[in-house]
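To start, the structure under review is shown below, and the notes come after it.
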Amino acid sequence: MRYDIDDVLRAIEDDASPEAGERFLSLVADYLAGTRTGAGPVSTPLAPSEIAPRFDEPLPAGGAPLGDVVARLRDEVIADANRLMHPMYMGHQVSAPLPAAVWVESVVAALNQSTAIWEMSPTATMVEARLVHWSCGLAGWGEGSGGTLTSGGTEATFTALLAARARALPDAWQEGLGASPPVVLCGEHAHYAVTRAVAELGLGMRRAIAVPSRDWRMDVDALAARLDALALEGTRVMAVVATAGSTATGSFDDLERIADLCARHDAWMHVDGAHGASALLSPRHRSRLRGIERADSVAWDPHKMMLVPLAAGMLLVRDERTLEQAFVQHAPYLFHGGDAERSPDQGRRSFLCSRRADAIKVWTALQRHGADGLGLLHDRLCETTADLAARIEARDDFETLHAPESNILCFRWRGDGTLGDAALDEANRLLRERYNRSGRGWITATVLGGRRVLRVTVMNPRTTAEHTARLLDGLAEEAARLAMPVER
């Protein structure tokens, strides 16, 4: 179809009608209805090479009827997408989002507020400020604390370490890092965002020091020894990054003891709570975060355990001035002077200028379900994971690698015990691939202690003990079809 400008304008007006909106609403409603019951496949059996041809087309020069566009979304995009709303999806740390937070996405997009400065987003900016205030209160901080919404934990951790660098090297923005930059310590199971940030900040990858783990958590005794050794060497420690809810096992570092060490060595304490900070909403689980109130900064992803759609991350800081000092620039076309400490402009404490108003999604979820309701959902995910661990312990053909502290569990198919470690590594690799391709469920994998293991993250409150039992039975059935040599 060839368009002139009148055609384009007419199409815009047509697409603004309730009838046009209903087409998209029906797509989403049908997807929700078709997945929450547990019917149908969890994912696609197709390979990238099989999906790519359907989108192998020239750049469209003219527009298509809206009905045709919606049909392609249904048949070519949704049909072979991962169905995170399916209760048998137990894969990565991406939520089955709350419907209210899904529906409000259209409001966020329609308003299209850029939240770098208040005058571009009068209400959304204040929603974000209130959300940050609530979250700082949950972390145990009072006046002077603050923060900013981010795209996720990676941006939040990077920004936190930028603030730590500004404190350790206040002239770095203008003068650079010098010949001997400080170091950052983190656990060996810390998210890759930490070492990535250290490298991107110009410190150099070698300035990221991994502390060994004990029981999948940072070994605090080893951290103490390393800090003492660095002090004797005269090496400055810029920050220590603790993990609250590690990616691999969902484990929580001992924040209280780490805080003691950071105070003794005058090191910035950052808590990567991208996954686990949502335990602050749970009276049953918040004790795992004891000591978080002593941190200088915390990364927290509502798009994980608060079940908000991507993307919605947060960085919280105990002293908001430290965050503003990390971005020492003037932009008179945006920031118009005045008291920066009282300014609601998030561009003063955030990387982005074009900032989507994702705070509205988190605010909507809290308005709809309340902090208590989200806490109960957090507990439900953890309970389901604990039930899966108990089921594995009751079987001979699987073994757990750790006791779950949250909604993440690593385990291993061991069969009848006749296979050696190398053969079991290959068997578990094949088992996961075959099971996921079958459409019966979807899980992930990782390597722990040098061994390949299966990994489950329960991110859907509709997933129940019935589904975890079905998962183990399905894996066992796939394993029975594997032809593995017996090692004697």
Side-chain angles (χ1 to χ4, degrees), residues 35-36 38 42-43 81-98 152-154 189-193 216-217 243-252 272-279 281-282 285 288 299-313 374 377-392 398 400-413 428 431-433 435-436 440-448 452-472 474-475:
T35 53
R36 64 188 178 206
V42 180
S43 187
N82 286 338
R83 304 169 80 201
L84 275 63
M85 286 288 193
H86 197 296
M88 291 301 295
Y89 181 90
M90 298 175 231
H92 292 285
Q93 293 158 277
V94 186
S95 69
L98 299 167
T154 298
H189 293 292
H191 194 273
Y192 73 84
W216 315 116
R217 305 173 192 88
T243 301
S246 65
T247 298
T249 61
S251 301
F252 289 74
D272 179 4
H275 190 81
S278 294
L281 297 166
S282 165
H285 289 270
R288 299 190 186 279
W300 183 352
D301 280 357
H303 64 220
K304 290 187 171 72
M305 294 287 276
M306 287 178 69
L307 307 184
V308 174
L310 294 166
L374 296 182
L377 289 171
H378 177 282
D379 293 348
R380 172 63 175 263
L381 301 177
C382 295
E383 289 167 4
T384 303
T385 308
D387 177 81
L388 172 60
R391 289 179 181 277
I392 291 172
F398 293 93
T400 58
L401 275 295
H402 62 97
E405 295 185 38
S406 59
N407 63 326
I408 299 175
L409 178 65
C410 294
F411 61 104
R412 187 165 161 94
W413 177 78
N428 279 273
L431 180 54
R432 184 246 177 179
E433 289 180 1
Y435 178 73
N436 285 359
R440 302 167 68 182
W442 211 96
I443 63 173
T444 62
T446 189
V447 175
L448 285 183
R452 181 173 290 276
V453 300
L454 306 174
R455 177 176 170 276
V456 155
T457 311
V458 179
M459 297 295 291
N460 187 343
R462 293 192 181 93
T463 301
T464 66
E466 173 192 346
H467 298 108
T468 59
R470 194 188 306 171
L471 165 69
L472 294 177
L475 288 169

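Quick caveat: nothing in here was measured; it's all calculated off a predicted structure.
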Pairwise side-chain contact, [X] with [Y], heavy-atom cut-off 4.5 Å (strictly under):
X: Asn460; Y: Tyr89; result: no
X: Ile408; Y: Thr385; result: no
X: Ser246; Y: Glu405; result: no
X: Thr464; Y: Thr384; result: no
X: Met88; Y: His467; result: yes
X: Leu475; Y: Ile443; result: yes

Which pair of heavy atoms, one from [X] and one from [Y], lies closest together, and at what distance?
X: Asp301; Y: Gly313; value: OD1-CA, 3.5 Å
X: Trp216; Y: Thr249; value: CB-OG1, 3.7 Å
X: Pro404; Y: Ala386; value: CG-CA, 4.1 Å
X: His303; Y: Ser95; value: O-OG, 3.5 Å
X: Cys410; Y: His402; value: N-NE2, 2.9 Å
X: Ser278; Y: Trp300; value: OG-NE1, 2.9 Å

Give a yes or no on whether the backbone of [Y] and the side-chain of [X] come within a donor-acceptor separation of less than 3.5 Å.
X: His86; Y: Gly38; answer: yes
X: Asn428; Y: Trp413; answer: yes
X: Arg440; Y: Tyr435; answer: no
X: Arg455; Y: Ala248; answer: yes
X: Thr457; Y: Met90; answer: no

Subject >> Pairs flagged by salt bridge (charged side-chain N to carboxylate O under 4.0 Å, His left out) wherever residues 462-471 is involved - sequence neighbours left out >> reply: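 Listed by first then second residue: Glu466-Arg470.
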Please report the interatomic distance [atom1]([X]) to [atom2]([Y]), rounded to the nearest 0.5 Å.
X: Leu98; Y: Leu374; atom1: CG; atom2: CG; answer: 6.5 Å
X: Thr400; Y: Leu409; atom1: OG1; atom2: CG; answer: 6.5 Å
X: Ser282; Y: Leu377; atom1: OG; atom2: CG; answer: 11.0 Å
X: Ile392; Y: Leu472; atom1: CD1; atom2: CG; answer: 5.0 Å
X: Asn407; Y: Arg380; atom1: CG; atom2: CZ; answer: 13.0 Å
X: Thr243; Y: His189; atom1: OG1; atom2: NE2; answer: 10.0 Å

Original post:
Taking it one step at a time, do Val458 and Leu388 satisfy side chain to side chain contact (heavy atoms under 4.5 Å, CB included)?
Top reply: CA-CA 10 Å; Val458 179; Leu388 172 60; 5.6 Å; no
Original post:
Can you list the residues that meet the side-chain contact (heavy atoms from CB on, under 4.5 Å) rule with Ala465, with sequence neighbours excluded?
Top reply: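 For Ala465, the residues satisfying side-chain contact (heavy atoms from CB on, under 4.5 Å) (neighbours in sequence not counted) are Asp387, Arg391, Thr468.
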Original post:
Mind checking what makes side-chain contact (heavy atoms from CB on, under 4.5 Å) contact with Val94, not counting sequence neighbours?
Top reply: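 If we apply the side-chain contact (heavy atoms from CB on, under 4.5 Å) test to Val94, skipping adjacent residues, the hits are Leu84, His92, Leu310.
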Subject >> Qualifying residue for side-chain hydrogen bond (donor to acceptor under 3.5 Å, both in side chains) with His275, from His191, Lys304, Gln93 >> reply: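 The single option meeting the side-chain hydrogen bond (donor to acceptor under 3.5 Å, both in side chains) with His275 is Gln93.
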Original post:
Under 3.5 Å, is there a donor-acceptor pair linking the side chains of Asn82 and Ser43?
Top reply: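 Indeed, the side chains of Asn82 and Ser43 share at least one donor-acceptor pair under 3.5 Å.
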